[in-house]
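Notes follow the structure.
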There are 2 protein chains.
Amino acid sequence: MKTTIKDIAEKANVSFATVSRALNNHPRISSATKEKITKIADELNYKPNFNARSLVKKETKIIGLVLPEIQGDFFTEVIKGIDQVAHSGGYHVIVASSHSERSIAESIMSFMGESMVDGVILMIPAISDQLKEIIGVSGSTPVVIINGNHEIEDFDIVYIDNFQGAYSIIDYIIKNYNYTKIAHIKGPLKNNDALERFEGFKAALQDNGLELPDEWIINGDFNIKGGEIACSRLLSLRNKPEVIFAGNDMMAAGCYRAIKTYGLSIPGDIGVVGFDHTFLSELISPPLTTVHIPIFEVGKKAASLLLEKLKNKDHQPNQIKISTGIILGESCRKKLVGKSA
Amino acid sequence: MKTTIKDIAEKANVSFATVSRALNNHPRISSATKEKITKIADELNYKPNFNARSLVKKETKIIGLVLPEIQGDFFTEVIKGIDQVAHSGGYHVIVASSHSERSIAESIMSFMGESMVDGVILMIPAISDQLKEIIGVSGSTPVVIINGNHEIEDFDIVYIDNFQGAYSIIDYIIKNYNYTKIAHIKGPLKNNDALERFEGFKAALQDNGLELPDEWIINGDFNIKGGEIACSRLLSLRNKPEVIFAGNDMMAAGCYRAIKTYGLSIPGDIGVVGFDHTFLSELISPPLTTVHIPIFEVGKKAASLLLEKLKNKDHQPNQIKISTGIILGESCRKKLVGKSA
DNA sequence: GGAATTAATGCAAACGCTTGCACTAAGATA
DNA sequence: TATCTTAGTGCAAGCGTTTGCATTAATTCC
């Protein structure tokens with residue numbers, strides 16, 4: 001039988017209300033009784049009942065995290081970031097991974113519905129209208145979204161500045177390495193991150209006055225195999241690009257494979273640029289030139305935002321931009337002498 | 001204001017007990033009223049209150065997952081496995097990652113204590129006596145451990161057969177590739193997985209009548225840098241090994257780096273064997289010969305075991321062994337003609 | 001020294017739900 | 001027709017807390 005405050009009350013000869021107050025550091029409790037009660041609670045190995053408390057306080061101190069299907073260590077870092085902030089705020093984190101759009105919606109619903117969580121962090125590659133509706137309607141449970149799209153003004157969202165990331169690195173390699181023929185392997189069609197990267201890429205080319213033949217834009221899937229296939233297509237073109245900008249590191253790794261298969265060398269014969277700066281990018285050789293995303297930071301920011309939202313009921317939707325950085329590996333040409341960014 | 005069963009009761013002109021029964025498919029409710037109530041509940045967008053239910057039913061339908069600090073995609077897969085089983089059993093999964101031994105203990109305590117979870121899955125590299133005590137004492141909350149050590153008979157545990165995994169692959173490369181000089185880079189000292197792999201390795205050498213000079217056993221840390229450093233030491237030995245068995249893939253990748261730095265080739269000059277069959281092992285080149293661990297399976301088994309335990313109160317501690325497999329990459333010598341396993 | 005303040009504690013309701021028991025109105029049985 | 005089942009509901013207690021209000025005892029003030 002678990003010990004309750006009543007057990008303690010009995011043993012301490014006080015009402016159980018007093019016990020509750022003593023254990024919660026209520027000011028109007030004499031230090032003598034507080035001490036006594038704490039001691040007895042300790043002896044009886046008392047642990048407060050989470051559900052009873054939640055029931056009356058109308059909060060659970062749990063935040064729900066809905067994750068998409070992601071490969072790699074994205075997950076880990078995000079969770080860590082969220083966990084750190086959540087924990088220091090006295091919250092626990094519930095995780096639900098979801099594999100399809102439908103089950104995502106369901107997860108959220110079940111989370112938000114049963115008043116099991118105080119808030120939800122929703123990490124999701126694309127935001128469907130259906131989802132918007134769910135989030136909008138159930139106005140009750142606060143939601144923070146982690147996504148590549150910042151143009152959703154009604155929601156709280158932490159987004160990675162994919163556009164700037166792509167723009168910067170492409171601009172950099174053009175200015176510093178004098179690349180002029182750059183191809184791109186896109187991510188999944190409906191993926192906002194993928195979309196923004198593509199836009200940033202195009203903008204950089206345009207601003208530098210470079211051409212972009214259609215055949216240099218290939219659809220990929222953010223997976224290694226997709227990168228490999230896409231790269232093969234590029235390599236078999238008559239008008240080959242000089243460097244390939246893969247939508248993420250995974251596909252960049254796929255490029256490495258394809259290039260190796262073709263008996264070509266990186267960056268001698270062809271350059272490769274990635275995006276994400278995952279663990280992987282430093283492992284493959286040559287080390288990949290890629291865009292760094294502070295994933296841990298993303299998790300922390302999302303959690304902070306949610307906690308903020310939980311405190312201030314009349315909090316206004318907030319869009320937090322996470323900036324990226326350039327990681328210079330060795331998968332591009334040597335820097336031109338006398339020219340710099 | 002969230003709708004409660006009382007709201008529904010009022011609207012349906014029945015007692016709220018009837019509502020509760022109707023919504024929980026109690027047999028003694030006329031299908032007419034059941035239908036009526038379900039309809040109203042739907043209209044009012046009713047969602048049961050998780051805490052109230054948990055309070056009276058004395059169960060939360062949540063299982064806690066305590067994770068250590070791990071790099072790579074171990075996490076992801078385990079969570080997925082656990083989540084799948086848990087979900088289909090009507091449970092949610094709470095995650096707490098922990099960074100030090102102390103905070104692991106604390107996480108568990110806070111989980112198990114506040115009757116926030118029905119059970120805990122504890123993934124942990126080493127089991128200290130302190131931890132054993134915590135788990136033992138608080139007999140109330142069921143715990144399942146994921147660990148490399150099966151010799152803890154009092155607990156429910158899912159363990160990876162590291163010994164056999166190491167033994168098999170070492171035995172294989174000896175018999176098939178005729179290696180005779182094999183070095184090993186160990187994992188962290190107190191890590192049970194690391195320990196078992198080392199034992200399996202030694203046993204395989206012994207059974208094949210091979211020598212193992214002390215200088216061929218290097219301490220590592222399961223990280224890439226550690227692997228690189230350890231490998232460098234091996235490469236600078238006068239009596240160099242022909243193949244290096246790294247305690248995990250990460251360190252194997254470190255070996256790749258060191259070997260490259262020394263201007264040597266794999267497997268021409270020296271072979272490398274890993275353990276884990278992480279994503280990474282297929283990425284580096286040449287693809288790594290390594291030991292496969294069905295991580296997803298581990299998660300599923302752990303969750304199943306826990307659910308089983310939650311059902312049967314008088315369930316006996318169970319040790320579940322997860323077997324490994326050999327993945328033949330290209331980081332070892334060519335197979336000898338006319339000789340086979 | 002009596003009134004007013006303050007400190008410390010108790011009382012009891014409430015949170016939203018489940019469930020054993022009691023109750024009613026049928027239909028079944030004798 | 002009187003009794004017995006049985007299906008369908010309602011009553012009310014209880015789960016373990018928190019917390020506003022009431023109460024008492026101690027202290028302070030004039």
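Letters go in sequence order (proteins before strands), and every chain restarts at 1. Predicted, not measured: the structure shown is a model, and the values here were computed from it.
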What is the distance, to the nearest angstrom, from the [atom1] atom on [X] to the [atom2] atom on [N]?
X	N	atom1	atom2	result
A:E10	D:dG16	CD	C1'	15 Å
B:F16	C:dC15	CZ	P	11 Å
B:N51	D:dT18	CG	P	13 Å
A:K6	D:dT17	NZ	P	9 Å
B:N49	D:dG16	CG	P	16 Å
A:I8	D:dG16	CD1	C1'	11 Å
B:R53	D:dG16	CZ	C1'	18 Å
B:I5	C:dT18	CD1	C1'	8 Å

message = Please classify the nucleic acid contact of B:Y46 as base, sugar-phosphate, or nothing, using heavy-atom distances under 4.0 Å.
response = sugar-phosphate

request  = Identify, residue by residue, the members of residues 18-27 of chain B with a heavy atom below 4.0 Å from DNA chain D, and return them in order of residue number, or none.
outcome  = B:T18, B:R21

ask   = Is the closest side-chain donor-acceptor distance between A:E308 and A:N312 under 3.5 Å?
value = yes

Rounded to the nearest 0.5 Å, what's the gap from [atom1] on [X] to [atom2] on [Y]? Could you check?
X	Y	atom1	atom2	value
B:Y46	B:I5	OH	CD1	5.5 Å
B:D118	B:L307	CG	CG	10.0 Å
B:N192	B:I160	CG	CD1	11.0 Å

At their closest point, which heavy atom of [X] faces which heavy atom of [Y], and how far apart are they?
X	Y	answer
A:P48	B:S115	O-OG, 4.4 Å
B:I146	B:A302	CD1-CB, 3.7 Å
B:I135	B:I145	CD1-CD1, 4.1 Å

Beyond-backbone contact of B:I82 with B:I63, side-chain heavy atoms, under 4.5 angstrom = yes

task = Find out whether A:T3 and A:I8 are in side-chain contact, i.e. whether some heavy atom of one side chain is under 4.5 Å from a heavy atom of the other.
result = no

Salt bridge (Lys or Arg N to Asp or Glu O under 4.0 Å) against [X], all qualifying residues, sequence neighbours excluded:
X	answer
A:D193	none
B:D161	B:K321
B:K309	B:D156

message = My understanding is that only one of B:N191, B:I127, B:V158 makes a side chain to side chain contact (heavy atoms under 4.5 Å, CB included) with B:N147; could you say which?
response = B:I127

Counting only pairs under 3.5 Å, give me each side-chain donor-acceptor contact of residues 88-95 of chain A, with atom names and distances, residues two or more places apart or in other chains.
unit_1 : atom_1 : unit_2 : atom_2 : d
A:S88  : OG     : A:Q84  : O      : 3.4
A:S88  : OG     : A:V85  : O      : 2.9

Which pairs, protein N/O on one side and nucleotides 22-24 of chain C N/O on the other, fall under 3.5 Å?
none

request  = In sequence, state the C-alpha distance, the side-chain angles, and the governing distance for A:I29 and A:T18, and then conclude on side-chain contact (heavy atoms from CB on, under 4.5 Å).
outcome  = CA-CA 8 Å; A:I29 293 288; A:T18 303; 3.9 Å; yes

message = So for the helix from C:dG1-D:dC30 to C:dA30-D:dT1, with five pairs setting each end axis, what is the inter-axis angle to 10°?
response = 50°

Hey, what are the protein-to-nucleotides 23-27 of chain D N/O distances that come in under 3.5 Å?
none

request  = For A:N24 and A:R53, run side-chain contact (heavy atoms from CB on, under 4.5 Å): C-alpha distance rounded to whole Å, both residues' side-chain angles, the deciding distance at 0.1 Å, then the answer.
outcome  = CA-CA 12 Å; A:N24 287 297; A:R53 165 180 283 153; 3.4 Å; yes

key: Options D:dT17, C:dC15, D:dA12, nucleotide nearest the side-chain atoms of B:A17   = D:dA12

query = Going by number, which of residues 56-64 of chain B have a non-hydrogen atom under 4.0 Å from DNA chain C?
reply = B:V56, B:K57

task = Please list, by residue number, the residues of residues 28-38 of chain A whose heavy atoms come closer than 4.0 Å to an atom of DNA chain C; answer none if no residue qualifies.
result = A:R28, A:I29, A:S30, A:T33

Pair up each side-chain donor or acceptor in residues 35-42 of chain A with any protein partner under 3.5 Å, not counting sequence neighbours, and list the distances.
unit_1 : atom_1 : unit_2 : atom_2 : d
A:K36  : NZ     : A:A12  : O      : 3.2
A:T38  : OG1    : A:K34  : O      : 2.4

Residues forming a side chain to side chain contact (heavy atoms under 4.5 Å, CB included) with A:S54, sequence neighbours excluded = A:F50, A:T60, B:N51

query = Do other residues, nucleotides or ligands put more than 12 heavy atoms under 6.0 Å from the CD atom of A:E43?
reply = yes

Presence of B:T4 side-chain N/O under 4.0 Å of C:dG16 phosphate oxygens OP1/OP2 = no

